[in-house]
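Written below as structure tokens is the structure these notes are about.
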Amino acid sequence: MGLSDGLLNPTKKAMVIDDCCNMIEGQLASKSGMSGMALKTAFAALKGVKPGYIPYVVEQILPQCFTALDPIWSEGVQKGDPIEYLSANRSQTADALLGVTDARVKNAKRQIVRGTYEKFRGSAKKHVEEAVPDLAKVIENYTKS
């Protein structure tokens with residue numbers, strides 16, 4: 001069973017989305033300095049696109065994100081600990097996730113979304129790599145037997 005099948009079933013989906021949004025907020029809160037302030041400002045602008053925009057986007061991209069993570073997850077299952085494997089392979093995990101968002105932003109109709117993404121894309125991998133352990137914890141919460 002792939003991650004999408006297990007994590008996006010109707011009984012878990014809303015909780016997974018909520019936990020992912022909380023994880024994103026927590027990651028942003030941990031950022032400091034000028035780059036942290038810029039990220040927080042950009043995120044606030046995206047939240048202002050319309051009420052519920054961030055949870056909506058998370059809901060839209062989660063299936064593709066979990067599909068992109070499935071090969072890494074499968075390797076981790078074979079190694080014995082898929083959660084640890086995601087964290088240990090942060091670079092590969094980040095590349096998989098950014099591949100999804102890169103494809104998604106190409107079709108973004110809102111200039112604020114496209115422009116904000118393009119502005120921060122150069123530093124995005126570092127931030128996504130930093131978030132992988134927290135994402136792995138979210139996944140673990142819903143994949144435990």
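FYI, the numbering just counts along the sequence from 1.
Using a 4.0 Å cut-off between charged nitrogen and carboxylate oxygen, K137 and D19 do not count as a salt-bridge pair.
Taken to the nearest 0.5 Å, the CG atom of L98 stands 11.0 Å off from the OG1 atom of T93. To the nearest 0.5 angstrom, L28 atom CG is 10.5 Å from T41 atom OG1. The distance from atom OG1 of T143 to atom CH2 of W73, rounded to the nearest 0.5 Å, is 3.5 Å. K40 NZ to S35 OG: the interatomic distance, rounded to the nearest 0.5 Å, is 9.5 Å. The distance from the CG atom of D70 to the CD atom of E75 is 11.5 Å, given to the nearest 0.5 Å. Once rounded to the nearest 0.5 Å, the distance linking CG of N141 with CE of M15 reads 10.0 Å.
The backbone N or O of A108 lies less than 3.5 Å from a partner atom in the side chain of R114, making a donor-acceptor pair. Checked by atom type and distance alone, the side chain of T116 never pairs as donor or acceptor with a backbone atom of A42 at under 3.5 Å.
Contact of the T101 side chain with the V128 side chain is not registered, since no non-hydrogen atoms from C-beta on lie closer than 4.5 Å. Contact of the L135 side chain with the L86 side chain is not registered, since no non-hydrogen atoms from C-beta on lie closer than 4.5 Å. Two residues are said to be in side-chain contact when any heavy atoms from C-beta on lie closer than 4.5 Å; Q27 and H127 fail this criterion. Using a 4.5 Å heavy-atom threshold, the side chains of D134 and V138 count as separate. No side-chain heavy atom of D102 sits under 4.5 Å from any side-chain heavy atom of K106. At least one side-chain heavy atom of V16 sits under 4.5 Å from a side-chain heavy atom of F66. A 4.5 Å side-chain heavy-atom check between V113 and V57 finds every atom pair outside the cut-off.
A chain of hydrophobic side-chain contacts below 4.5 Å, direct or via other Ile, Leu, Val, Met, Phe, Trp or Tyr residues, connects Y117 to I112.
For Y53, the OH atom sits in a packed shell: over 12 heavy atoms of surrounding residues, nucleotides or ligands are nearer than 6.0 Å.
In terms of heavy atoms, K125 sits closest to D95 at NZ-OD1, 3.0 Å. The shortest non-hydrogen separation linking P71 to A68 is CD-O, 3.3 Å. The heavy-atom pair separating I83 from A136 by the smallest distance is CD1-O, 3.5 Å. Scanning both residues, L39 and F120, for their nearest heavy atoms gives CD2-CD2, 3.6 Å. Residues K12 and Y142 share a closest heavy-atom pair of NZ-O, 2.8 Å. In this structure, P55 and C21 approach most closely via the heavy-atom pair CA-SG, 3.6 Å.
Judged by the 6.0 Å distance and 45° axis criteria, K31 is not positioned over the aromatic ring of F43.
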